[in-house]
*Asks:* 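Have a look at this one before I ask anything.
When a ligand or atom number is given, it counts from 1 through the structure's own listing order. Sequence positions, counted from 1, serve as the residue numbers for this chain.
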Amino acid sequence: MTVPARRLEGVVCVVTGAARGIGVAIAERLAAEGGRVAAWDVSERRLDPTVAELRARGLDVQGFVCDVGSRQAVTDAMAQVEQGFGAPVGVLVNNAVWARFGALAEIDDEVVDRTLAVGLKALMWTTQAAAPQMRRRGGGSIVNLSSVSALHPQASSIVYAAMKGGVLGLTKAAAVELSPDRIRVNAVIPGMVGTPASKAQFDAVTLAQREAAMPLGRFGDPADIAGAVAFLASEDGAYVQGAELIVDGGWTVGTR
Ligand SMILES: NC(=O)c1ccc[n+]([C@@H]2O[C@H](COP(=O)([O-])OP(=O)(O)OC[C@H]3O[C@@H](n4cnc5c(N)ncnc54)[C@H](O)[C@@H]3O)[C@@H](O)[C@H]2O)c1
């Protein structure tokens with residue numbers, strides 16, 4: 001990984017869903033830029049080895065087991081982060097997701113409630129808990145992970161697309177409300193990233209066809225998304241507010 005600068009020196013950063021996939025790359029990138037990273041995840045089993053690996057590379061990362069679907073758990077964890085690092089949170093990356101894809105007829109209450117609790121309501125709780133800390137330090141940056149599914153949904157993605165569309169609305173509304181506090185709120189919109197979870201949705205032939213059709217000829221790498229998040233988190237993104245940054249290799253522009 002080539003890191004342009006240590007743009008986040010000493011800044012306390014919270015990354016949710018940081019035990020695997022894109023969240024790990026974001027935690028790694030923010031820490032490599034000097035950030036002091038609180039890696040949150042609901043799965044202690046997955047989080048512990050991930051944090052150990054990042055720390056073994058000399059990165060300032062601490063793990064926090066937290067179910068972002070619980071308002072109380074989020075409030076408690078945000079307070080523990082400030083206490084643990086001895087400084088208020090300056091960057092919050094809402095990355096955690098719980099998703100199940102299925103046809104309209106298969107949608108049930110459990111899938112809707114869990115999807116929205118982790119992917120949408122949680123952003124209200126994390127933003128609500130982080131904002132006072134950011135205010136105390138004179139500002140901050142919140143980056144929310146949406147998806148191209150919010151812009152160009154595919155079949156069997158009604159719940160996920162609705163959740164990710166909600167993330168975009170929440171991002172803009174929070175940007176307007178928190179601007180007076182010098183808190184920036186932006187969204188990154190990833191296209192298909194080659195994580196195990198995303199690849200598991202398709203068979204090998206479909207995957208190969210989709211990858212070949214990408215304008216840039218490949219799926220995204222978690223590091224591609226982490227780079228965009230780091231830009232928005234840092235002062236390089238100081239005048240970017242309420243924006244949607246599409247990072248999809250050109251997929252929403254057109255296919256080859
Ligand atoms: N992978 C892709 O192709 C892709 C594409 C577009 C958008 N995205 C978005 O990027 C983000 C990361 O995607 P990913 O593929 O790395 O996901 P992933 O499923 O690999 O990882 C999600 C992480 O969130 C954690 N998590 C789940 N429920 C949680 C909860 N209640 N509290 C705390 N943590 C919880 C999981 O344990 C897991 O570690 C998501 O918001 C996703 O929607 C991904």
*Asks:* How far is atom 34 (N) of ligand 1 from its nearest protein heavy atom, and which residue and atom name does that atom have?
*Replies:*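 Checking every protein heavy atom, the shortest distance to atom 34 (N) of ligand 1 gives Val42 N, 3.4 Å.
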*Asks:* Rounded to the nearest 0.5 Å, what separation is found between the CG atom of Leu170 and the CG atom of Leu123?
*Replies:*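 Interatomic distance, Leu170 CG to Leu123 CG, rounded to 0.5 Å: 5.5 Å.
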*Asks:* Pick one: which of Val167, Val188, Leu151 meets side-chain contact (heavy atoms from CB on, under 4.5 Å) with Ser146?
*Replies:*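 Exactly one pass, corresponding to Val167.
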*Asks:* Could you check atom 39 (O) of ligand 1 against the protein and tell me its nearest heavy-atom contact, residue, atom and distance included?
*Replies:*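 Protein heavy atom with the smallest distance to atom 39 (O) of ligand 1: Asp41 OD2, 2.7 Å.
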*Asks:* Have Asn94 and Thr126 got a donor and an acceptor in their side chains that come within less than 3.5 Å?
*Replies:* yes
*Asks:* In ligand 1, which numbered atoms sit nearer than 4.0 Å to a non-hydrogen atom of Leu145?
*Replies:*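 Atoms satisfying the 4.0 Å criterion: 10 (O), 41 (O).
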*Asks:* Can you list the atoms of ligand 1 that are under 4.0 Å from a heavy atom of Met192?
*Replies:* 3 (O)
*Asks:* Please indicate whether any nitrogen or oxygen in Ser147 is less than 3.5 Å from any nitrogen or oxygen in ligand 1.
*Replies:* no
*Asks:* What protein heavy atom lies closest to atom 9 (C) of ligand 1? Include the residue and the distance to one decimal.
*Replies:* Ser146 O, 3.9 Å
*Asks:* Do any N/O atoms on Trp98 end up under 3.5 angstrom from N/O atoms on ligand 1?
*Replies:*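 Between Trp98 and ligand 1, no N or O pair is found under 3.5 Å apart.
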*Asks:* Around atom CZ of Arg136, are there more than 12 heavy atoms from other residues, nucleotides or ligands closer than 6.0 Å?
*Replies:*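 For Arg136, atom CZ is crowded (more than 12 foreign heavy atoms under 6.0 Å).
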*Asks:* When you look at CD of Glu177, are more than 12 heavy atoms from neighbouring residues, nucleotides or ligands closer to it than 6.0 Å?
*Replies:* no
*Asks:* At a 4.0 Å cut-off, with the gap strictly under it, does some heavy atom of Arg114 reach an atom of ligand 1?
*Replies:* yes
*Asks:* Is it the case that ligand 1 has an N or O less than 3.5 angstrom from some N or O of Ser43?
*Replies:*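 No, since none of the N or O atoms of Ser43 sits under 3.5 Å from an N or O of ligand 1.
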*Asks:* As an exercise, identify every atom of ligand 1 less than 4.0 angstrom from a heavy atom of Tyr160.
*Replies:* 7 (C), 8 (N), 42 (C), 43 (O)
*Asks:* For Ser198, which part has a heavy atom under 4.0 Å from ligand 1: side chain, backbone, both, or neither?
*Replies:* side chain
*Asks:* Quick check: are there more than 12 heavy atoms from other residues, nucleotides or ligands sitting under 6.0 Å from CD of Gln128?
*Replies:*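 Buried by this count: over 12 neighbours within 6.0 Å.
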*Asks:* Is the shortest distance from a heavy atom of Ala18 to ligand 1 less than 4.0 Å?
*Replies:*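 Judged by the 4.0 Å heavy-atom criterion, Ala18 does not count as contacting ligand 1.
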*Asks:* What's the shortest distance from atom 32 (N) of ligand 1 to any protein heavy atom, and which residue and atom give it?
*Replies:*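 The answer is Val68 N, 3.0 Å.
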*Asks:* Please check if any side-chain donor atom of Asp76 sits under 3.5 Å from a side-chain acceptor atom of Gln80, or the reverse.
*Replies:* no
*Asks:* Is there at least one pair of N or O atoms, one from Val148 and one from ligand 1, spaced under 3.5 Å apart?
*Replies:*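 Not met; the criterion fails.
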*Asks:* Suppose I only count heavy atoms of Asp67 and a 4.0 Å limit; which atoms of ligand 1 are within that range?
*Replies:*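 Atoms satisfying the 4.0 Å criterion: 30 (C), 31 (N), 32 (N).
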*Asks:* Go through ligand 1 atom by atom and flag the ones less than 4.0 Å from a non-hydrogen atom of Ile22.
*Replies:* 1 (N), 10 (O), 12 (C), 13 (O), 16 (O), 44 (C)
*Asks:* Using non-hydrogen atoms of the residue, decide whether Thr16 is closer than 4.0 angstrom to ligand 1.
*Replies:*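 No, Thr16 has no heavy atoms under 4.0 Å from ligand 1.
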*Asks:* Please write down residue, atom name and distance for the protein heavy atom closest to atom 18 (P) of ligand 1.
*Replies:*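 Nearest protein contact, heavy atoms only, for atom 18 (P) of ligand 1 is Arg20 NE, 3.4 Å.
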*Asks:* Provide the number and element of each atom of ligand 1 under 4.0 Å from a heavy atom of Arg46.
*Replies:* 36 (C), 37 (O)
*Asks:* Within the 3.5 Å criterion, strictly below it, is a donor on Thr171 or Glu244 matched to an acceptor on the partner's side chain?
*Replies:*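 No, no side-chain donor-acceptor pair sits under 3.5 Å.
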*Asks:* What are the atoms of ligand 1, with element, lying closer than 4.0 Å to any heavy atom of Ala96?
*Replies:* 24 (O), 34 (N), 35 (C)
*Asks:* Give the C-alpha distance, both sets of side-chain angles, the deciding distance and a yes or no for salt bridge (charged side-chain N to carboxylate O under 4.0 Å, His left out) between Arg218 and Asp224.
*Replies:* CA-CA 12 Å; Arg218 66 172 177 89; Asp224 295 320; 2.8 Å; yes
*Asks:* Determine, step by step, whether Glu82 and Arg137 satisfy the salt bridge (charged side-chain N to carboxylate O under 4.0 Å, His left out) criterion, reporting the C-alpha distance in whole Å, the side-chain angles of both residues, the deciding distance to 0.1 Å, and the verdict.
*Replies:* CA-CA 12 Å; Glu82 182 172 24; Arg137 67 184 289 285; over 6 Å; no
*Asks:* Give the atom numbers and elements of ligand 1 that come within less than 4.0 Å of a heavy atom of Cys66.
*Replies:* 32 (N), 33 (C)
*Asks:* When you look for heavy atoms under 4.0 Å from ligand 1, do you find them on the side chain of Val97, its backbone, both, or neither?
*Replies:* both
